[in-house]
**Q** 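Quick one: the structure is below, and I'll ask about it shortly.
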Amino acid sequence: MADRALQLLGEVFGHAAFRGAQAEIVGHVAGGGDALVLMPTGGGKSLCYQLPALLREGAALVVSPLIALMQDQVAALTQLGVRAAFLNSTLDGREINACEKALRAGELDLLYVAPERLMMPRMLELLAETRIALFAIDEAHCVSQWGHDFRPEYLQLSVLHERFPGIPRIALTATADPQTRDEIIRRLALDEARVFISSFDRPNIRYTITDKQDARNQLLRFIRDEHPGEAGIVYCLSRKKVDETAAWLVSHGINALPYHAGMDAPSRAAHQGRFQREDAIVIVATIAFGMGIDKPDVRFVAHLDLPKSIEAYYQETGRAGRDGQPADAWMAYGLGDVVQQRRMIDESPGSEEFRRVSTVKLDALLGLCETAGCRRVRLLEYFGEAAAPCGNCDTCLEPPRTWDATEAAQKALSCIYRTGQRFGAVHLIDVLRGRATERVAQWGHDRLPVFGIGADLDEAAWRNVFRQLVALGYAEPDHAAYGALQLTEASRAVLKGERRVAMRELQPRKAAKKSRSAASAAVSAADSGLLEQLKAWRLDQARTQAVPAYVILHDRTLAEIASTRPQDMTALSMIGGIGAKKLERYGSALLDLVRG
């Protein structure tokens with residue numbers, strides 16, 4: 001089995017060796033065992049069920065939550081010569097019947113379906129009449145109510161174990177803390193499954209979290225300075241903000257497109273299609289633009305609003321650099337983000353337990369935002385993984401200074417108390433800095449003893465203080481009073497002078513040095529012309545076949561061709577990512593380009 005797996009890995013997928021635990025997972029599932037696989041985005045999860053599907057008799061049923069993901073996976077597998085198909089709402093009755101007929105006849109290796117369709121009586125009856133190799137449940141964190149993307153239809157998937165007990169199941173996800181892992185096992189009845197946990201580390205991603213001051217202009221500088229002419233994703237919390245941000249970026253020369261659930265379906269599909277097929281598109285989106293984004297050359301993911309948890313942050317930033325080349329995760333974060341997220345939790349229709357867990361998860365994310373230590377260490381600790389400082393995040397590259405903010409904290413907390421715990425940070429800062437605005441005078445706050453006691457710090461510094469007071473748990477927003485700040489029990493020790501408060505100093509971030517991708521670095525100036533010709537040929541092929549360019553060949557494969565210049569089919573077959581089918585289909589054209 002191991003020899004056959006390695007043979008197929010080379011012949012079909014064009015890889016000479018397995019990565020990490022892939023060989024062990026493939027062997028276990030191909031041998032009939034159940035598995036839960038936690039592997040970071042870009043780590044090769046799909047291969048862990050695609051290869052066993054080819055090693056076992058029958059067709060593999062892959063449960064996938066998104067149409068876009070199914071279509072991309074099937075397009076990529078078809079390029080490799082694998083018999084793959086999908087069943088979803090984009091097909092008409094004739095196409096559905098043809099797909100079902102092919103499944104019955106044993107003419108498919110993999111079939112992708114949505115969980116809702118899989119649970120239909122007609123589909124379950126069809127499976128009972130078919131030779132099934134295995135069930136793969138992708139994006140398995142969707143089954144957990146504690147996860148960042150809970151989908152109720154996933155709860156029904158335990159029926160697979162009940163109705164098809166002899167068929168192996170493999171559940172896969174890139175994001176799951178211990179609590180979510182336990183729920184996946186329980187909900188999917190995977191009690192006897194082997195659990196494979198790869199490192200959550202994405203060393204190619206540089207993490208940067210900056211103080212939000214002028215978020216749009218900060219984003220524009222980041223794109224222009226570090227990722228000009230490259231593909232990226234910008235996440236915003238609201239549909240309105242998505243539309244406004246995309247239009248603003250376009251007005252400043254960035255090729256940006258909006259994407260959110262409020263758009264009509266054809267527009268959403270067109271924008272997603274352009275992003276996946278073209279270079280240098282920046283998509284501005286809500287989290288509706290989420291799972292299923294399989295584009296490997298996304299060079300950055302930016303957040304203009306705070307996600308709701310570390311899991312959500314990790315999942316969303318993980319869409320950058322799937323090809324293993326250098327990429328950026330950039331976020332601008334301020335006090336307003338914390339107030340907004342806390343309000344969303346308090347107004348959630350979920351149970352008291354759900355709100356409590358959501359608050360704990362948000363607090364963990366705030367800890368990541370405010371840490372003076374390595375971001376990657378803090379991120380991996382959350383998933384139960386120890387790590388040393390990475391040297392490739394903002395706090396490692398430019399360590400933040402801390403200061404004794406005890407006196408400033410006491411002034412801020414006193415101001416919250418003296419004004420009746422009924423006002424937000426903007427008003428409190430006016431009072432502390434001695435600004436007798438109309439509103440300050442209206443409430444008589446210009447006559448309070450705290451009026452003007454904070455004139456030594458500017459507005460940005462005070463915003464930094466209030467944000468960190470909330471993050472450290474000394475103050476909290478009251479959503480019933482529109483975000484007014486209130487004292488917590490922990491603030492008492494600070495006000496009495498029994499506890500010192502250290503805070504990160506507000507400091508401007510310098511633009512990070514742009515990293516050349518390994519693929520680009522491997523190509524000399526003399527070979528760059530050939531690389532551009534190869535990319536132009538690939539784009540023409542992608543347009544002709546109506547598939548994303550990376551489905552034809554990845555950037556890394558083209559770069560290796562350009563740098564090694566293979567002169568015959570044997571040499572070309574040694575290039576990573578070129579299996580037998582792609583060699584047969586594209587070999588002559590590639591060699592003509594190289595020789596030319």
**Q** Other residues, nucleotides and ligands only: do more than 12 of their heavy atoms fall within 6.0 Å of CD on Glu129?
**A** yes
**Q** Evaluate the side-chain proximity of Leu127 to Leu103: yes if any heavy-atom separation is below 4.5 Å, no if none is.
**A** yes
**Q** Give a yes or no on whether Gln7 atom CD has more than 12 heavy-atom contacts from other residues, nucleotides or ligands under 6.0 Å away.
**A** yes
**Q** Set out, in order, the CA-CA distance, both residues' side-chain angles and the distance that settles side chain to side chain contact (heavy atoms under 4.5 Å, CB included) for Ile345 and Ser358, then state yes or no.
**A** CA-CA 7 Å; Ile345 291 171; Ser358 298; 4.0 Å; yes
**Q** Counting only N and O atoms by type, is there a donor-acceptor contact under 3.5 Å from the side chain of Thr557 to the main-chain atoms of Gly576?
**A** yes
**Q** As an exercise, state the distance from CG of Leu36 to CZ of Phe196, rounded to the nearest 0.5 Å.
**A** 10.0 Å
**Q** For residues His141 and Glu311, is any side-chain donor paired with an opposing acceptor at under 3.5 Å?
**A** no
**Q** Measure from the side-chain N and O atoms of Glu57 to the backbone N and O of Arg131, and report whether any donor-acceptor pair falls under 3.5 Å.
**A** no
**Q** Is there a side-chain contact between Cys48 and Leu172, using heavy atoms and a 4.5 Å cut-off?
**A** yes
**Q** Looking at side-chain heavy atoms only, is the closest gap between Pro40 and Ser199 below 4.5 Å?
**A** no
**Q** Has Asn97 got a side-chain atom pairing as donor or acceptor with Gly93's backbone, closer than 3.5 angstrom?
**A** yes
**Q** Is a salt bridge present between Arg538 and Asp555, judged by a nitrogen-to-oxygen distance below 4.0 Å?
**A** yes
**Q** If you look at every heavy atom in Val242 and Pro258, which pair is closest and at what distance?
**A** CG1-CB, 3.8 Å
**Q** Determine whether the aromatic ring centres of Trp537 and Tyr586 lie less than 6.0 Å apart.
**A** yes
**Q** The test is side-chain hydrogen bond (donor to acceptor under 3.5 Å, both in side chains); show your working for Asn204 and Gln325 and say whether it passes.
**A** CA-CA 6 Å; Asn204 62 311; Gln325 307 309 312; over 6 Å; no
**Q** Could you grab the distance from atom CZ of Arg169 to atom CG of Leu157, nearest 0.5 Å is fine?
**A** 9.5 Å
**Q** If you apply the rule salt bridge (charged side-chain N to carboxylate O under 4.0 Å, His left out), what do you find for Asp305 with Lys241, and how did you get there?
**A** CA-CA 10 Å; Asp305 293 305; Lys241 189 169 181 178; 2.8 Å; yes
**Q** So does Ala133 get a backbone contact from the side chain of Arg56, meaning a donor-acceptor N/O pair under 3.5 Å?
**A** yes
**Q** Can you label the angle between the Tyr313 ring and the Tyr207 ring as parallel, tilted or perpendicular, going by 30° and 60°?
**A** tilted
**Q** If every non-hydrogen atom of Met39 is compared with every non-hydrogen atom of Gly44, which pair is closest and at what distance?
**A** SD-C, 3.7 Å
**Q** Measuring from atom CD1 of Ile578 to atom CZ of Arg585, what distance do you get when rounded to the nearest 0.5 angstrom?
**A** 13.0 Å
**Q** Evaluate side chain to side chain contact (heavy atoms under 4.5 Å, CB included) for Leu590 paired with Leu534, printing each intermediate quantity in order.
**A** CA-CA 8 Å; Leu590 291 170; Leu534 289 167; 3.8 Å; yes
**Q** Given 3.5 Å as the limit, does a donor-acceptor pair link the side chain of Asp109 with the main chain of Ala59, or not?
**A** no
**Q** Are any of the side-chain heavy atoms of Met331 and Thr317 separated by less than 4.5 Å?
**A** no
**Q** Answer yes or no: is there an ion pair linking Glu153 with Arg117, defined by an N-O contact shorter than 4.0 Å?
**A** no
**Q** Where do Trp330 and Leu219 land on the side chain to side chain contact (heavy atoms under 4.5 Å, CB included) test, with the steps shown first?
**A** CA-CA 9 Å; Trp330 180 93; Leu219 172 67; 4.0 Å; yes
**Q** Checking the side chain of Thr78 only, and the main-chain atoms of Val74 only, is there a donor and an acceptor separated by less than 3.5 Å?
**A** yes
**Q** Going by the side-chain hydrogen bond (donor to acceptor under 3.5 Å, both in side chains) test, name the single residue among Lys581, Gln545, Lys582, Gln541 that passes it with Gln79.
**A** Gln545
**Q** For the residue pair Tyr550 and His554, categorise the inter-ring angle as parallel (less than 30°), tilted (30 to 60°) or perpendicular (more than 60°).
**A** perpendicular
**Q** Rounded to the nearest 0.5 Å, what separation is found between the CG atom of Asp34 and the CG atom of Leu190?
**A** 6.0 Å
**Q** Would you say the ring centers of Phe300 and Phe222 fall short of 6.0 Å from each other?
**A** yes
**Q** Could you tell me the separation between the OG atom of Ser64 and the CG atom of Leu111, rounded to the nearest 0.5 Å?
**A** 11.5 Å
**Q** Determine whether the aromatic ring centres of His271 and Tyr259 lie less than 6.0 Å apart.
**A** no
**Q** Ignoring hydrogens, what is the shortest heavy-atom contact between Leu8 and Leu54? Give both atom names and the distance.
**A** CD1-CB, 4.0 Å
**Q** Check whether any side-chain heavy atom of Val234 sits under 4.5 Å from a side-chain heavy atom of Leu304, and report yes or no.
**A** yes
**Q** I would like to know whether Asp540 and Lys535 meet salt bridge (charged side-chain N to carboxylate O under 4.0 Å, His left out); could you show each step before the answer?
**A** CA-CA 9 Å; Asp540 185 58; Lys535 285 185 175 180; over 6 Å; no
**Q** Do Arg151 and Glu139 meet the salt-bridge criterion of a basic N to acidic O distance under 4.0 Å?
**A** no
**Q** Do Gln73 and Leu110 have side-chain heavy atoms sitting under 4.5 Å apart?
**A** no
**Q** Is the closest side-chain heavy-atom distance between Phe135 and Ile167 below 4.5 Å?
**A** yes
**Q** Looking only at heavy atoms, what is the nearest atom pair of His260 and Arg268, with distance?
**A** O-CD, 3.0 Å
**Q** Kindly indicate whether a cation-pi arrangement holds for Lys295 with Phe275, taking the cut-offs as under 6.0 Å to the six-membered ring centre and within 45° of the axis.
**A** yes
**Q** For Arg556, is there an ion pair with Asp297 - N to carboxylate O distance below 4.0 angstrom?
**A** no
**Q** Take Glu107 and Lys101 through the test salt bridge (charged side-chain N to carboxylate O under 4.0 Å, His left out) and record every step on the way to the result.
**A** CA-CA 9 Å; Glu107 296 170 358; Lys101 183 179 178 182; over 6 Å; no
**Q** Would you say the side chain of Arg299 lies within less than 4.5 Å of the side chain of Asp323, judging by non-hydrogen atoms?
**A** yes
**Q** Check the pair Gln71, Thr90 against side chain to side chain contact (heavy atoms under 4.5 Å, CB included), reporting the backbone distance first and the verdict last.
**A** CA-CA 10 Å; Gln71 292 172 330; Thr90 65; 3.9 Å; yes
**Q** Atom CD of Gln315 and atom OG of Ser309: how far apart are they, to the nearest 0.5 Å?
**A** 10.0 Å
**Q** Leu108 and Ala85: which non-hydrogen atoms are nearest, and at how many Å?
**A** CD2-CB, 3.9 Å
**Q** For Arg104, look at atom CZ and say whether over 12 heavy atoms of other residues, nucleotides or ligands are found less than 6.0 Å away.
**A** yes
